[in-house]
S.K.: 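Here it is, the structure, as structure tokens.
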Amino acid sequence: MKHFSLLAACLIAALPMRAERTVTLTTGELADKIRGAWAAQTIGCAFGGPTEFRYQERMIPDDEEIKWDEHQPRNYFDNGPGLYDDVYMDLTFLDVLHKKGLKAPIDDFAKAFAYAPYPLWHANQAARYHILQGGKAPDSGHWRHNPHADDIDYQIEADYAGIICPGMPNTASRISDKVGHLMNYGDGWYGGVFVGAMYTLAYTTDDIPAIVEGALSTIPKKSRFYQTIRDVIDWHSAYPADWKATWRLVQQKWGLEVGCPEGVLAPLNIDASLNSAYIVIGLLYGDGDFARTMEISTRCGQDSDCNPASAAGILGCIMGFDRIPSRWREPLLEVEDRPFPYMGLSLRQACEYSFDLARQIIRDEGGSIEGDKVTIRLQNPKAVRLEQGFPNMQPAEARPGGLLGELGAIEFSGTGIVVSNYLETKRQDYVARVEVLLDGNHYSTVNSPADYHDRTADLCWLYGLKDGPHRLELRWLNPAEDVKVHLHRIIVYRKPGKQKDKSWAWLDFQRPEGINPVLKPDSRSVFYCPMLGRTAPWEDSDTFNPAATIINGRVALLYRAEDNSATGIGKRTSRIGYASSENGLHFQRHGAPVLYPGGDDWTELDCPGGCEDPRVCMTEDGLYVMTYTSWNRKVARLSIATSRDLVHWQKHGPAFAQCHSKEAREGFNKSGSIVTEMKNGRQVIARIKGRYWMYWGEQFVNVATSEDLIHWEPVCRKDDGKLLHVMDVRKGHFDSLLTECGPPAVKTSRGIILFYNGKNGSGTNGDPRYTANSYCAGQALFSASDPTQYIDRLDEPFFVPEADFEKSGQYPAGTVFIEGLVPYDGKWFLYYGCADSRVGVAVYNPKN
């Protein structure tokens, strides 16, 4: 393979064109690169096929092997031809160019894919429906006519445009301008322009960062797509050895779907900008290694066959077919001459068509072919025009639907609405006709065929509405007894509000590789239990929900441990154990619990459920204060204990035993988070207005104050004396059921950050992107001068269940329950319970 090092600089569009730049290949090299691009694209598709959309909003874990069978491409040809939609769509457009020429009108491309027999999805299917219903292209791809306009569709089909335009990204963009707008607009179109440009530049250099940068120069800087890929490039520079760090940052900043009705407020994300980010992550971190490039792009999840297909295809163009490792290349030889499903074109024919078209384009764009010598006139990449779809539309609500004819009118408030549907009938020739009325006026009449080939997944979409209340009615004009029209999902959009500054939050908590869980149950641990009056194993069932602090330069964990006395949440006895570490990652246990029920004055409150869910912090003079839950299996009580060495504790009983509020004194209460601050390099309990402050509560967040850290007085409303809720649950969010306080809150220069545990509801109450009843971690900001004054909170959790042991055990819905947060070695270590069964750690580096 030739390395054209002088070309890396000329890939940046900002450089002036001082002289004509060319590159010379032999016809054999050109053909080999074309063959390598088509072959590698097919290999990547087959490699990622088994995991396609199985992992949404999460990476494929390292312990799950992504297998490659020596007959994998052939098996998909025989048994799963629909997998190759990102190849047979390419071939459709390539075939039109081959038969009709480079100046073929857009209608030729529209008819070719709209009437083709193969199945389509998302933007492609919506565009097909538009055309079959009498609409025209490029309206078929515009966001007003296509709810999936930002989706990945043209991105996965634009390989052909780059393959036939070696070294000429602007020519590829012109082809994509025509074809890509059949089914996409804005970011969806940019995905194809970007991928096509990377292919064109792969002919001229093996410098992958230069290829990515050069291709990005074809995208307008003001677009979301550009900003997403720009971030990936910058984060790769910041974390050159950790692709997972970049993945997490991409997910946090760009992980919300806006267009696709199936992905809005749901785990699915088929947005072009996000999935292009996964292609770039694979290319940059794969560093030219074929297997690693595919592996990383696949492990990013979501569309995990198309993304490695594009990444591998670009790398295959760089390498050429003969340089693709034999492990991947040889299985493809079984299918290279087989016509692709639905198309009648084989890979070999695709290479021949591409070679012919590439030579024609090379000549048309000022290059030359003389015998075996191919001279390509290179182009400096230029940005295409700015397009932005779905303006003034922010996803506000996802509702379940019902049966057409039974659901009734849909009341909503916002700027847009989408209703998705599917038909249940054996009559494939049936077409449901539905009149759409908005605010009592006829809006449109739509057809919904039972045959999926001719139907779109969305019954109707109304965009660009005046922001405010509306009434949508759907009248079924030709109902039939043997047909059911299911209104699957209803998405409501609103006008975006001014985005709040979230820079106060601590976002980038990362799980150390190969460390978790840091604590597991130990059936060998026994001690004499005063409650039972005998020796008992006290942590043989589960260890979880840890508090954390620092003592003598070591990280100390005080963790909840349960015996095996019963089955079910809250039915066993809990005791609090002690472990310490020199690095915050590997812990030595004390052996016996340090806080447990029985043998003291608090037996009535602690027995038989035990002592649960500690939080620990320290005063400036070294007194450790623990808040924990006393659980007698009747009423939970937030209790206090103190210690000088973390081993010997004095219980002080319920925090609210002497308070004025009967609601707090006699009611169910738990989860105390005392406010701390950093002083002289130590995290210590803070005084604000001369008092200590504590956030507490489970279903909502309350505040209490204290003079001595033992006796606490809740803050109550002045009008009726009831507890003041400073933060409550939110419908449709990850914290729709509970907002349970986490580790000690931290006072910062921006305010007090309360770390809390949000429990997700089910159905319309919860956030459908997260499992019902799962626990994810959130952050809220309160005034540093008045802890009762709520300022803001994150709309999305900053920490969610990912690993298998965080979604199994006692709480399989998924739990990362945070209770310990300490500064150590210039970083912050967050300790959490994993599904009420294990203890895990994540680390935040403020420098990053």
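For the single chain, residues carry numbers from 1 onward in sequence order. Note: hydrogens, waters and symmetry copies are ignored here, and every other heavy atom, side chains too, is used.
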S.K.: Regarding Arg615 and Ser673, do their side chains bring together a donor and an acceptor under 3.5 Å, going by distance alone?
M.R.: no

S.K.: Among Val518, Leu519, Asp836, which residue meets the side-chain contact (heavy atoms from CB on, under 4.5 Å) test with Thr543?
M.R.: Leu519

S.K.: Do we see a donor-acceptor contact under 3.5 Å between the side chains of Tyr832 and Glu806?
M.R.: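 There is such a pair (donor and acceptor under 3.5 Å, judged by atom type) between the side chains of Tyr832 and Glu806.
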
S.K.: Using a 3.5 Å distance criterion without hydrogens, assess whether the side chain of Asn269 forms a donor-acceptor pair with backbone atoms of Gln56.
M.R.: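 No, because the side chain of Asn269 does not come within donor-acceptor range (under 3.5 Å) of the backbone of Gln56.
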
S.K.: Any donor-acceptor pair under 3.5 Å linking the side-chain atoms of Asp613 with those of Asn545?
M.R.: yes

S.K.: Under a 3.5 Å cutoff, is there a donor and acceptor pairing between the side chains of Asn632 and Ser630?
M.R.: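 No, no side-chain donor-acceptor pair sits under 3.5 Å.
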
S.K.: Would you say the side-chain atoms of Arg750 pair up with the backbone N or O of Ala784, donor to acceptor, closer than 3.5 Å?
M.R.: no

S.K.: Assess the residue pair Val675 and Phe782 against the criterion (side chain to side chain contact (heavy atoms under 4.5 Å, CB included)); give the C-alpha distance rounded to whole Å, side-chain angles, the decisive distance to 0.1 Å, and a yes or no.
M.R.: CA-CA 11 Å; Val675 178; Phe782 292 84; over 6 Å; no

S.K.: May I ask you to decide if Glu52's main-chain N or O and Ser304's side chain share a donor-acceptor pair within less than 3.5 Å?
M.R.: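 Yes.
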
S.K.: Quiz question: by atom type and distance under 3.5 Å, do the side chains of Ser525 and Arg589 form a donor-acceptor pair?
M.R.: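 Side-chain D/A pair, Ser525 to Arg589: absent.
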
S.K.: Does Glu620 reach the side chain of Arg682, with side-chain heavy atoms less than 4.5 Å apart?
M.R.: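 They are in contact (side-chain heavy atoms under 4.5 Å apart), so the answer is yes.
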
S.K.: Does Thr627 reach the main-chain N or O of Gly672 with its side chain, forming a donor-acceptor pair under 3.5 Å?
M.R.: yes

S.K.: Spell out, as yes or no, whether a donor-acceptor pair under 3.5 Å connects the side chain of Gln251 to the backbone of Arg58.
M.R.: no

S.K.: Just checking, is any N or O donor in the side chain of Gln683 or Thr676 under 3.5 Å from an acceptor N or O on the other one?
M.R.: yes

S.K.: Just checking Phe734: does its CZ atom have more than 12 heavy atoms from other residues, nucleotides or ligands closer to it than 6.0 angstrom?
M.R.: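 Yes - once you tally the heavy atoms of other residues, nucleotides and ligands closer than 6.0 Å, there are more than 12.
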
S.K.: Taking ring-ring contact (aromatic ring centres under 6.0 Å, His included) as the criterion, tell me which of Tyr628, Phe656, Phe668, Trp712 meets it with Trp696.
M.R.: Phe656

S.K.: When Phe817 is tested against each of Phe799, Tyr775, Tyr811, Phe755 for ring-ring contact (aromatic ring centres under 6.0 Å, His included), which residue passes?
M.R.: Tyr775

S.K.: How long is the straight-line distance from NZ of Lys670 back to OG1 of Thr629, given to the nearest 0.5 Å?
M.R.: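 That separation rounds to 5.0 Å.
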
S.K.: Supply the atom-to-atom distance Lys244 NZ to Gln510 CD, rounded to the nearest 0.5 angstrom.
M.R.: 10.5 Å

S.K.: Could you measure the distance from the OG atom of Ser565 to the NZ atom of Lys571? Nearest 0.5 Å is fine.
M.R.: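 These two atoms lie 11.5 Å from each other.
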
S.K.: Is there a side-chain contact between Asn757 and Leu738, using heavy atoms and a 4.5 Å cut-off?
M.R.: no

S.K.: Taking the side chain as everything from C-beta on, heavy atoms only, tell me whether Asn564 gets closer than 4.5 Å to Pro537.
M.R.: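 A side-chain contact is absent here, since even the closest heavy-atom pair is not under 4.5 Å.
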
S.K.: Mark yes or no for whether Gln302, through its side chain, and Pro267, through its backbone, hold a donor-acceptor pair below 3.5 Å.
M.R.: yes

S.K.: Going from SG on Cys300 to CD1 on Ile60, what distance comes out if it is rounded to the nearest 0.5 angstrom?
M.R.: 9.0 Å

S.K.: Taking the side chain as C-beta and beyond, is there a heavy-atom pair between Trp504 and Ile791 under 4.5 Å?
M.R.: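 Side-chain contact under 4.5 Å: no.
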
S.K.: Got a donor-acceptor contact below 3.5 angstrom from the Asp825 side chain to the Lys827 backbone?
M.R.: no

S.K.: Assess, by modelled atom type and distance only, whether the side chains of Ser541 and Asp563 contain a donor and an acceptor separated by less than 3.5 Å.
M.R.: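 Absent: no donor and acceptor within the cut-off.
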
S.K.: Without swapping roles, check the side chain of Tyr695 against the backbone of Pro787 for a donor-acceptor pair under 3.5 Å.
M.R.: yes

S.K.: Whether the side chain of Arg838 engages the backbone of Lys520 through a donor-acceptor N/O pair (distance < 3.5 Å, no angle test) should be reported.
M.R.: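 Pair absent, no side-chain N/O of Arg838 close to backbone of Lys520.
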
S.K.: How many angstroms lie between atom OG of Ser774 and atom CG of Leu737, to the nearest 0.5 angstrom?
M.R.: 9.5 Å

S.K.: Hey, what do you get for CG (Asp522) to CH2 (Trp538), rounding to the nearest 0.5 Å?
M.R.: 8.5 Å

S.K.: Before giving the answer on side chain to side chain contact (heavy atoms under 4.5 Å, CB included), spell out for Arg575 and Met531 the whole-Å C-alpha distance, their side-chain angles and the decisive distance to 0.1 Å.
M.R.: CA-CA 11 Å; Arg575 301 168 179 88; Met531 182 184 77; 4.1 Å; yes

S.K.: Please report the C-alpha distance between Asn669 and Asn702 in whole Å, then the side-chain angles of each, then the deciding distance to 0.1 Å, and finally whether the side chain to side chain contact (heavy atoms under 4.5 Å, CB included) criterion is met.
M.R.: CA-CA 10 Å; Asn669 48 66; Asn702 310 284; over 6 Å; no

S.K.: Of Glu612, Arg633, Glu562, which meets side-chain contact (heavy atoms from CB on, under 4.5 Å) against Thr573?
M.R.: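 So, applying the side-chain contact (heavy atoms from CB on, under 4.5 Å) to Thr573 and each of Glu612, Arg633, Glu562, only Arg633 qualifies.
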
S.K.: Would you say the side-chain atoms of Arg687 and Tyr692 include a donor-acceptor pair closer than 3.5 Å?
M.R.: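 Yes, Tyr692 and Arg687 have a side-chain donor paired with an acceptor closer than 3.5 Å.
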
S.K.: Using the side chain to side chain contact (heavy atoms under 4.5 Å, CB included) rule, take Lys253 and Trp235 through it: C-alpha gap first, then chi angles, then the decisive distance, then the call.
M.R.: CA-CA 12 Å; Lys253 186 173 181 180; Trp235 290 329; 4.0 Å; yes

S.K.: Quick one: are Thr771 and Lys807 in side-chain contact, heavy atoms under 4.5 Å?
M.R.: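 No, every pair of side-chain atoms sits at 4.5 Å or beyond.
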
S.K.: When you measure from the side chain of Trp631 to the backbone N and O of Gly570, does any donor-acceptor pair fall under 3.5 Å?
M.R.: yes

